[in-house]
Each structure stands twice: as structure tokens, then as C-alpha cells.
Amino acid sequence: MLNFRYCSVFVLFLVSFYCVRCTTDEKQDQSHVALITYLKKPGNLTQPAYKDSFQTNVNRLLQKGEIDKTVQVLEAHGNALDLAFLADSGYAQTTEDFLKKHQGELSDNQIISLSYYLGSQYDFLGDIDKSDDYLLKTQIPGESKEALELRAFGRVLLSEHYKLSGKYYEAMTPLLKNISYFEGVKDTINLASTYNNLSLVYKNLKVYDESEKYLKKSLELSKQLNDTLNIWIAYVNLSRPNSLAVEPKKCLKYAKLAKSIFEHWSEKTNYYSANTYSTYANALLVNRKMDSVSYYIAQAEKYVEGENRMRFDLLQMQAETDLLQGKPARNSTTLEKEYIAAKQRNDIPVLEMLATVLSDNAKRNNDYPTAYNYLAEKYRIRDSSWMNDTKLHLIFLDKKFQFEKKEKLIAQQQLKIARTNSFIYGMISLVIVLLSLWIILTIRKRRKRAEREAHLQEQFTFQLLQSTEEERSRIANELHDSVNHELLTIKNDLVNGKPVDITHVSSVIDEVRSISRNLHPAVLETIGLEASIEQMCERLTENGLFATAEIHYEKPETKPVELQLYRIIQEALNNTLKHGNANAAKVSLVQSESGIFIEIKDNGTGFDVNEQLNNPKSFGLHSLFQRAKSISCLLSISSSDQGTSVQLVKNI
């Protein structure tokens with residue numbers, strides 16, 4: 001009995017100890033969660049206790065050997081810094097030391113996370129090489145949602161670094177991967193941001209059409225989401241167009257829109273403040289509103305943190321402002337130092353920017369050799385192939401100069417030879433000029449003849465098709481006025497009691513009307529091309545081919561042209577219905593300032609286009625090309641086992 005009592009007391013002690021231990025652990029977990037929540041908030045970064053809390057807890061957790069919780073603390077602080085666009089060299093050193101010491105104990109997802117935050121911090125701190133080392137580690141396998149997301153953000157920074165070093169094709173690859181990723185996870189906000197970044201890459205590659213396309217996609221998507229941040233980014237980029245299409249009023253318009261959005265933000269970070277004022281200053285500079293430029297440059301300088309790209313941009317704008325006002329660039333000494341530093345780290349955009357300003361400043365001071373050196377450096381950076389040509393030209397000029405010096409010394413001795421050579425060269429040049437003129441005139445003559453023949457052929461084809469349409473119209477009228485009238489008479493007799501199938505007669509009438517519509521689309525003249533195409537798609541859908549239309553058509557063409565466009569679409573859809581083995585088709589008609597683009601696309605089994613075109617029985621396909629030719633359009637057909645696409649382009 002005594003032993004039992006002792007055992008009972010011991011058991012009660014163990015239970016009590018366990019309960020106390022559980023309560024303590026639960027309190028510790030709640031405290032840790034509260035700590036992580038506190039460290040994650042960017043707004044807490046400025047609090048005096050923040051850094052002490054972070055470092056104290058990292059040291060405490062490491063002493064206790066709690067690696068996973070230490071990672072969570074490091075991630076929380078890194079996340080806050082990332083959202084606030086702030087650099088913290090102390091955090092970077094602590095995280096780097098931890099990662100080097102404990103990497104073997106971490107999961108792939110944890111390595112990706114810490115590597116991203118280190119890459120981001122070294123990017124803010126300006127150590128691009130070190131940043132890239134860690135960002136490349138984010139591309140290791142890792143399947144958690146957070147790891148995949150940070151891997152994508154790592155690709156964003158890698159792309160930015162490629163752009164900074166002028167490797168624009170390399171910068172394109174990470175962004176294209178991110179488009180695929182963000183589309184897959186339906187992250188439309190970051191998708192819009194990626195479109196923006198890809199637009200800048202294409203802009204630097206001078207592929208301006210693609211650049212504008214992705215910028216507009218970003219703006220459209222951002223407006224749908226009411227995503228003010230990405231709308232702001234798009235407006236900022238639109239206010240800084242490519243150098244070949246600068247429209248001052250347009251620049252100022254978008255800069256004002258970006259500034260208006262920024263002014264309504266409740267929490268304004270230094271990054272967005274500096275960008276907004278810098279963008280507005282640039283737009284004012286482009287519009288030569290010189291009185292306000294320096295003010296907004298000064299406003300932007302208040303918010304620029306560290307030695308980032310914007311600081312160079314502001315220096316360049318201020319120098320350009322000074323030069324336009326007839327003053328020496330006030331920052332020329334600083335610009336020269338920054339130029340040397342940029343050259344050492346091979347920072348291509350900054351080098352080109354600074355070389356332009358320093359060249360203009362040197363010219364203003366009549367220091368033409370220095371101006372020339374900076375200008376030569378600028379063009380070497382911008383286009384290496386152009387610079388190679390320039391070097392060859394300089395060598396040629398040098399040789400010519402040396403030759404002329406020698407010619408002066410021996411002018412008397414070489415005068416006769418020089419005159420003889422000049423005469424020979426003159427005769428050769430004359431022969432070459434005359435021969436070139438003859439060739440040019442011959443080519444021009446042949447081209448005009450070919451154009452005239454082509455025009456005559458187009459006129460002939462057009463007249464032929466017009467005659468066909470007139471004949472169809474006549475037949476349609478006859479069918480409608482005679483056959484239909486007789487059938488209606490039969491129907492009336494039936495109503496009066498004669499034993500004939502009225503339903504059958506009605507179907508005959510409907511069929512005759514359908515034939516009439518196909519022979520000549522009279523509805524085209526009454527309701528217009530757009531409604532006629534939509535009505536055609538509705539009829540095809542009733543016949544088993546799901547047909548849709550997407551039409552942007554505001555300025556109607558002439559009736560003969562619209563008729564041929566209608567016939568081309570009709571023939572293509574009929575081919576799809578009869579031969580395409582398709583269950584769906586789409587008609588796209590887009591009218592722009594440059595012309596009209598039409599595409600008829602289906603999901604059928606496809607066919608060999610060349611084989612069918614070589615088949616004389618393929619009248620339907622040949623008629624498509626003849627109709628297109630008659631109205632000066634270019635028509636192309638592509639087909640595969642995924643379906644068939646007929647494309648028509650009519651340029652203005």
C-alpha cells in the first residue's frame with residue numbers, strides 16, 4: 001500500500017511537470033509568432049528597439065540550437081527590408097555568416113529564401129557580383145510556394161543586373177520564365193510588373209514595337225485590377241519613351257499622371273518619392289520648362305538612398321539643365337569621378353549617360369579634344385560595330401594625313417603623275433556613274449512596267465469578280481421575286497384546305513431565302529460589315545460550327561471592298577465547315593491607322609496548303625487569293641494538325 005502511494009505521488013509529479021512544460025512551450029511558441037509578426041512589418045524598421053530585438057533573438061536561438069526558428073527570424077527581417085527597399089549591412093553580414101555555417105542543416109526551400117534576401121540586400125548595397133552569387137542559388141530545386149515565388153523574384157533582380165551590364169538578351173530569359181510562372185499561379189499583379197520590365201528590355205534592344213506592346217499589356221492589366229502601383233510604374237515608363245519617338249507633351253502628360261497617383265498614396269517610401277520627382281523633372285526638362293526642373297531634381301535628391309542608378313540620372317539631368325541655361329555643369333567634378341568608377345565596374349548605361357553630359361560640358365568650355373574623347377567613348381559603348389567602323393575611318397584619315405604631308409614635300413616630283421592619275425580616276429568614275437545611271441534607269445523602267453501590269457491584272461480581276469457579284473445579285477432577285485412568290489401562293493392554297501405539307505413548303509421558302517442571302521449578301525448594304533459577319537457566325541453556329549467574331553472596325557471601307565472582305569471570310573468559314581473537321585472557329589478583324597488585319601482561325605485537322613494550291617480543283621482557295629489581290633490585300637494561309645489560319649492584311 002505504501003509503494004502504491006509513493007507511485008501515485010510520483011505519477012502526479014510527472015503529470016504536473018509535463019503540464020507546466022507544455023504551458024511553457026506554448027507560451028514560447030506564441031512569443032515566437034509575435035516576434036515574427038513584429039519583425040515582418042516594414043513600418044517597425046525605424047523603431048529603436050527593432051535591431052536590438054532582431055539581433056538578441058538571433059543570438060538566443062543560435063545558442064539554443066534552434067536553427068529553423070533562427071531562419072524564420074532572418075526571413076522576417078529580410079522580408080521587411082525588401083518591402084521597404086532598404087539596405088542593412090548588419091543584417092546581410094549576420095545572414096551570410098549563418099548561411100555559411102549552417103547550410104548543411106538547411107532545406108532547399110530555406111536556402112532559396114535566405115539566398116534571395118541576401119541577393120536583394122547586396123543589390124541595395126551596390127555589390128552586384130555578390131548579389132548575383134546569391135541570386136543564382138535561388139534557382140536550385142525547391143517546391144514550396146514561398147520558394148517558387150522567391151525564385152521568381154530572384155530572376156527579376158538577375159534580369160535587372162543583366163540590363164545594367166548591357167546584356168539585354170540575357171535579361172530577357174528570366175523575365176520570359178517569370179511570365180510563364182506568374183500566369184500559372186494567376187499572380188496578375190506580378191505579371192503586370194513583369195510585362196513592364198520586359199518592355200524596358202525591348203526598349204534597350206531598340207525593338208520599340210515589342211516594348212510598347214508589353215507596356216500597354218501591363219497598363220491594361222493593371223487598370224483591370226485597379227493596381228495603382230503598376231499603373232504608376234507604367235505611367236513612369238511611358239513618360240520616358242525611346243529616343244526616336246520623344247513627344248514632349250506626351251512625356252509631361254504621363255509624368256503628371258504618375259505624380260497624381262503618388263500624391264494620393266498614404267504611405268510614401270523614399271524609393272517611390274525619388275522616382276516620381278525624378279520622372280517629373282525629366283518630363284519638365286524634355287519640355288524645356290527650365291524654371292521648375294532644378295526644384296524637382298532637388299526634391300528627388302532628398303529621397304535617393306545610397307549610390308543607386310537614380311543618383312546618376314539626377315546628376316545627368318542637373319548637368320543638362322545647367323548646359324541648356326548656358327551655365328557650366330555644376331557637378332562636373334563629381335560626374336568625372338563617377339565616370340571613372342562606372343568604367344572600372346563596366347556599368348554600361350551610366351557610362352553612356354555620363355559620357356554624353358561630360359562631352360556637352362567640354363564643348364561648352366571649348367575643350368574639344370576632351371569632348372571628342374567622351375563622345376567617342378559613348379559611341380563605343382552604344383554600338384561596338386559602329387565603333388569598329390569609326391576606328392577604321394580614323395586610321396584612314398591618319399594615313400591620308402600622313403600621305404598629304406609627304407605629298408607637300410615631293411609635290412613637284414609627283415605633280416605629273418598625280419594629274420595623270422586624276423584623269424584616269426576621273427574617267428573611271430565617269431564610266432562608273434554612267435553605268436550606274438543606266439542600270440538604275442533600266443531597273444526603274446522594268447519596275448514601272450511590272451507595276452503597270454500588276455495594276456492591270458488587279459483591275460481585270462476586280463472587274464471579273466464585280467461581274468460575278470452582279471450576276472449573283474440578279475439571280476438572287478429572281479429567286480426571291482419569282483420562286484418565293486410561287487411558294488407563298490402554294491402555302492396560301494394549303495391554308496385554304498388543300499392537302500399539302502405546309503411545314504415542308506415553309507422549309508423550301510427558308511432554303512430559297514438562304515440561297516438568296518449566299519448569292520448576294522444584301523444585308524451587308526443595310527446593317528454593315530461588322531453586323532453581317534456576326535450574323536454569318538450565328539448561322540454557322542446553328543449549323544454545327546461554333547463561330548465567334550472579335551471586330552474593331554470604325555471607319556467603313558467602300559462597299560465593293562467590304563463585299564470582297566465579306567466574301568473572303570465567308571469562303572474561309574465555308575471551307576472550315578465543309579472540309580476542316582473543326583468544331584470551333586474565330587474571326588478577328590482589327591482596323592488601325594496602318595490598315596486592316598483579318599484572321600479566320602479554326603481548330604480543325606488542317607491540310608497541306610502547297611498541295612491544295614497546286615491542285616487546279618481547289619477553286620475555293622484560289623478564289624481567296626484572287627479576291628484579296630483585287631482589293632490590294634496580302635493573304636496568307638498556314639495549316640497544321642492544330643488547325644488552320646487565314647490571314648489578310650490591307651495596308652493604307
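Keep in mind that the numbers below use all heavy atoms, side chains included, and drop hydrogens, waters and symmetry copies. FYI, the numbering just counts along the sequence from 1.
Of the possible donor and acceptor atoms, one in the side chain of Q591 sits under 3.5 Å from a partner among the backbone N and O of K555. Between the side chain of S159 and the backbone N or O of R155, no donor-acceptor pair lies under 3.5 Å. The main-chain N or O of V73 is never found under 3.5 Å from a side-chain atom of H77 such that the two would form a donor-acceptor pair. Judged purely by atom type and a 3.5 angstrom limit, D602 uses its side chain to pair as donor or acceptor with the backbone of T644. No donor-acceptor pair closer than 3.5 Å links the side chain of N583 to the backbone N or O of N603. At least one donor-acceptor pair under 3.5 Å links the side chain of N287 to the backbone N or O of P248. Between the side chain of S218 and the main chain of Y214, no donor-acceptor pair closer than 3.5 Å is present. Within the 3.5 Å criterion, the main-chain N or O of N275 finds a donor-acceptor partner in the side chain of T279.
Between Y280 and K256, the closest side-chain pair of non-hydrogen atoms falls below 4.5 Å. The shortest side-chain heavy-atom distance between Y122 and I128 does not fall under the 4.5 Å cut-off. Inter-residue side-chain proximity for Y162 and M172 is flagged as unmet; no heavy-atom pair is nearer than 4.5 Å. Within the 4.5 Å cutoff, the side chain of L158 has heavy atoms near those of the D132 side chain. With contacts defined as side-chain heavy-atom distances shorter than 4.5 Å, the pair L324/V293 does not qualify. At least one side-chain heavy atom of F262 sits less than 4.5 Å from a side-chain heavy atom of W265. A heavy-atom distance below 4.5 Å is not found between the side chains of V590 and I596. Residues S638 and Q647 have side chains not in contact (no heavy-atom distance under 4.5 Å, counting atoms from C-beta outward).
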Subject >> Verdict with reasoning, T194 to N178, per side chain to side chain donor-acceptor pair (under 3.5 Å) >> reply: CA-CA 7 Å; T194 305; N178 276 4; 4.8 Å; no
Subject >> Criterion side-chain contact (heavy atoms from CB on, under 4.5 Å) on M290 and L285, from CA distance to verdict >> reply: CA-CA 6 Å; M290 311 308 295; L285 180 59; 3.8 Å; yes
Subject >> Residue pair L215, N196: steps toward the side-chain contact (heavy atoms from CB on, under 4.5 Å) verdict >> reply: CA-CA 5 Å; L215 192 55; N196 254 324; 2.9 Å; yes
**OP:** Before giving the answer on ring pair (Phe, Tyr, Trp, His ring centres under 6.0 Å), spell out for Y117 and Y91 the whole-Å C-alpha distance, their side-chain angles and the decisive distance to 0.1 Å.
**Re:** CA-CA 10 Å; Y117 290 123; Y91 166 80; 7.3 Å; no
Original post:
Yes or no on side chain to side chain donor-acceptor pair (under 3.5 Å) for Q318 and D322, after CA distance, side-chain angles and deciding distance?
Top reply: CA-CA 6 Å; Q318 185 60 67; D322 292 339; 3.2 Å; yes
**OP:** Applying side-chain contact (heavy atoms from CB on, under 4.5 Å), run through Y116 and R151 and close with a yes or a no.
**Re:** CA-CA 7 Å; Y116 169 75; R151 184 186 298 163; over 6 Å; no
**OP:** May I have the step-by-step check of side-chain contact (heavy atoms from CB on, under 4.5 Å) for F625 and L613, ending in yes or no?
**Re:** CA-CA 10 Å; F625 284 95; L613 287 175; 3.6 Å; yes
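A distance of 6.5 Å separates OG1 of T228 from CD1 of I261, quoted to the nearest 0.5 Å. We find the CD1-NZ distance between I112 and K137 to be 12.5 Å, quoted to the nearest 0.5 Å. Separation of atoms CD (E96) and OG (S89) is listed at 11.5 Å; rounding is to 0.5 Å. Atom CG of N109 sits about 9.5 Å away from atom CG of L150, to the nearest 0.5 Å. Here the straight-line distance linking atom OG of S193 with atom CG of D227 works out to 9.0 Å at 0.5 Å rounding. Note that the CD atom of E160 and the CG atom of D123 stand 8.0 Å from one another [nearest 0.5 Å].
When all heavy atoms of C633 and L648 are compared, the closest pair comes out as CB-CD1, 3.5 Å. For S239 against N282, the heavy-atom pair with the smallest separation is O-ND2, 4.2 Å. Among all heavy-atom pairs drawn from T276 and A258, the shortest one is CG2-O, 4.4 Å. Across all their heavy atoms, L86 and F124 have their closest contact at O-CD1, 3.4 Å. For A192 against N230, the heavy-atom pair with the smallest separation is CB-ND2, 3.8 Å. Listed here is the closest heavy atom pair of L99 and S115: CD2-OG, 4.0 Å.
With no hydrogens or angles considered, a side-chain donor-acceptor pair links Q299 and K302 at under 3.5 Å. Side-chain contact, Q121 with Y134: no donor N or O sits under 3.5 Å from an acceptor N or O. Side chains of Q93 and D97: a donor on one and an acceptor on the other come within 3.5 Å. Side-chain atoms of N79 and E75 form no donor-acceptor pair, as typed in the model, at a separation below 3.5 Å.
By the 6.0 Å contact criterion, NZ on K41 is open, its count of non-hydrogen atoms from other residues, nucleotides or ligands being 12 or less. For E554, the CD atom sits in a loose shell: 12 or fewer heavy atoms of surrounding residues, nucleotides or ligands are nearer than 6.0 Å.
Ion pairing between E220 and K217 fails under the 4.0 Å rule for side-chain N and carboxylate O. Look at E263 and K259 and you find a salt bridge, because one of the NZ, NE, NH1 or NH2 atoms lies within 4.0 Å of a carboxylate O, short of that distance.
The only member of I598, L624, V649 that meets side-chain contact (heavy atoms from CB on, under 4.5 Å) when paired with L635 is L624.
Taking the six-membered ring where tryptophan is involved, the planes of H102 and F98 are tilted, since the angle between them lies from 30° to 60°.
Taking the six-membered ring wherever Trp is involved, the centroid distance between the rings of Y272 and F85 falls below 6.0 Å.
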